[in-house]
2 protein chains.
Amino acid sequence: MDTKTSLESQLKAAGRRMTPQRKLILSILDETGDHLDAEEVYRRAKKINGNLNIATVYRTLSILKDMELIEQRYFARDHSVEYYESVNKGEHYHFTCLGCRKIIEVETPKIVQVQKEFSALTGAKFTHACVCFEGYCASCVNDEENLTL
Amino acid sequence: MDTKTSLESQLKAAGRRMTPQRKLILSILDETGDHLDAEEVYRRAKKINGNLNIATVYRTLSILKDMELIEQRYFARDHSVEYYESVNKGEHYHFTCLGCRKIIEVETPKIVQVQKEFSALTGAKFTHACVCFEGYCASCVNDEENLTL
DNA sequence: CTTGCAATTGCAAATGATTCGCAATTGCAA
DNA sequence: TTGCAATTGCGAATCATTTGCAATTGCAAG
C-alpha cells in the first residue's frame with residue numbers, strides 16, 4: 001500500500017526502527033477508513049498480536065504526531081470523541097450527528113478563506129485549524145419531527 | 001451585574017440553591033474577561049474562600065454546562081487548552097498564537113455560511129460548531145523571520 | 001422564626017486515559 | 001555475527017475529573 005510504504009520509509013528516514021508492533025499499528029492506521037482513537041487502534045492490533053501493550057500504541061501514535069504524519073482530531077463539541085487521522089487526507093471537516101452518531105465529512109473552501117482574510121487583516125500565519133460541527137443529520141431531523149412535533 | 005443576576009435566577013428557576021460557593025464561582029465566570037479552565041476558576045475562587053473544594057467547582061461547571069449557560073471550549077489543535085465561556089458572548093472563534101500563546105478572537109460570518117450551505121445540501125440541522133485556529137501572530141511571525149530566515 | 005429535609009458541600013478514594021521508569025529484548029549497521 | 005541504542009512490556013505514577021458518603025445548609029412550609 002502506498003501510504004504504508006511511505007509511513008514506513010518516513011519513519012526509517014527519521015532513524016526509527018521498524019518493529020513488528022509498529023508495522024501492525026501503521027497498517028491498521030493505514031488501511032482503515034474508520035476514525036480510530038488510541039484505544040481502538042490497540043483493540044484491533046491486539047487481536048493480531050496478543051502480546052502488544054497499549055503503551056506501545058501510545059508511543060507510536062506520539063511519534064507519528066510529532067512527525068506530523070497523523071493528526072489528533074476530535075469529534076463533538078465537548079471533544080468527547082477523539083481519533084487519529086492520516087494528514088494526507090486533505091483539507092476537510094466533520095459533522096457529527098447527535099442522533100445516530102454518524103460522521104459526515106464536510107468539504108468547503110470557506111474555512112481556508114477565513115484564514116486568509118484573518119491573515120490579511122492581522123498579519124498572522126496559520127498552521128492548523130480544528131473544526132467540528134455538531135447537529136442532526138437529515139434522517140434524524142425527520143425522526144425527531146415525527147416524534148416530538 | 002446583568003449576566004450574574006440572570007445566571008443566579010436561571011439556576012433558581014431550575015430549582016437549584018444559591019450557596020456562597022456557587023455565588024463565588026458564578027461571579028468569577030461572570031466578571032472575568034479571561035478564558036478560564038476549571039483549575040483557574042478554582043484557584044481564583046479559593047483565594048476568596050479558602051475552604052472551597054475543587055469538586056464543587058467541577059460540579060458547578062457541570063450544572064452550568066448541562067443548562068447550556070456556559071460552553072466548554074478548547075484552544076489549540078490538540079485541545080490541550082480548555083476553558084469555559086459564557087454562551088451569551090455571541091458567535092466568535094479563536095486563534096491561538098503558538099509563539100506567545102496569545103488568544104485572538106476571530107469574527108466572521110463564513111462559519112455560519114458553511115453551516116447553512118451544508119444544511120441546504122444535506123438537510124442536516126446544526127446545533128454547534130467548535131472552531132479553533134492555530135498559528136503565529138504578526139509579531140511572532142516577525143520575530144521568527146528575524147531569527148531564522 | 002422555627003423546623004425538616006433534600007440539595008449541596010468537603011473530603012478522600014476511585015476512575016480512566018495517558019505517561020514514565022526500568023529491565024529485558026531486538027533491530028540493524030558495521 | 002556482534003554490539004549497542006532503540007524499542008518493548010510491565011507495572012507504577014500521574015493528572016484531571018468524578019463519585020460515595022457523612023456532615024452541613026439553603027430554603028420553603030408551617
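Quick caveat, the model's predicted, so the values are computed rather than measured. A note on names: the letters A, B, ... follow the listed sequences, proteins ahead of strands, and every chain is numbered from 1.
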* To do: If C:dA30 has a Watson-Crick or G-U wobble mate with both distances under 3.5 Å, name it; if not, just say none.
  => D:dT1
* Between B:Asn53 and C:dC11, is there a side-chain N or O to OP1/OP2 distance below 4.0 Å? -> yes
* Asked: Taking only N and O in the side chain of A:Arg59, is any of them less than 4.0 Å away from OP1 or OP2 of C:dT19?
  -> no
* **Quiz item: A:Arg17 side-chain donor-acceptor pair to D:dA5 base, under 3.5 Å** => yes
* **D:dC15 pairs with, by Watson-Crick or G-U criteria that keep both distances under 3.5 Å** => C:dG16
* Any strand: nucleotide that pairs with C:dC5 via Watson-Crick or wobble, under 3.5 Å -> D:dG26
* Has B:Arg22 got a side-chain N or O lying under 4.0 Å from the OP1 or OP2 atom of C:dT9? -> yes
* Geometric class of the A:Phe118/B:Phe95 ring pair [parallel <30°, tilted 30-60°, perpendicular >60°] -> tilted
* Structure fact -> In this structure, CZ of A:Arg59 is separated from OG1 of A:Thr56 (nearest 0.5 Å) by 5.0 Å
* Separation between CD1 of B:Ile25 and CG of B:Leu64, rounded to the nearest 0.5 Å -> 8.5 Å
* Pairing of A:Lys12 and A:Glu8 as salt bridge, 4.0 angstrom limit -> no
* **Residue mapping more 5' on DNA chain C - nearest nucleotide basis, B:Arg16 or B:Ala55** => B:Arg16
* Structure fact -> Taking for B:Ile54 and for A:Thr56 the nucleotide of DNA chain D with the nearest heavy atom, the one nearer the 5' end belongs to A:Thr56
* Think A:Thr19 has a side-chain N or O under 4.0 angstrom from the OP1 or OP2 of D:dT8? -> yes
* How is A:Leu52 classified with respect to the nucleic acid when contacts are heavy atoms under 4.0 Å: base, sugar-phosphate, or nothing? -> sugar-phosphate
* Asked: Can a side chain N or O of A:Gln21 be found less than 4.0 Å away from OP1 or OP2 on C:dT26?
  -> no
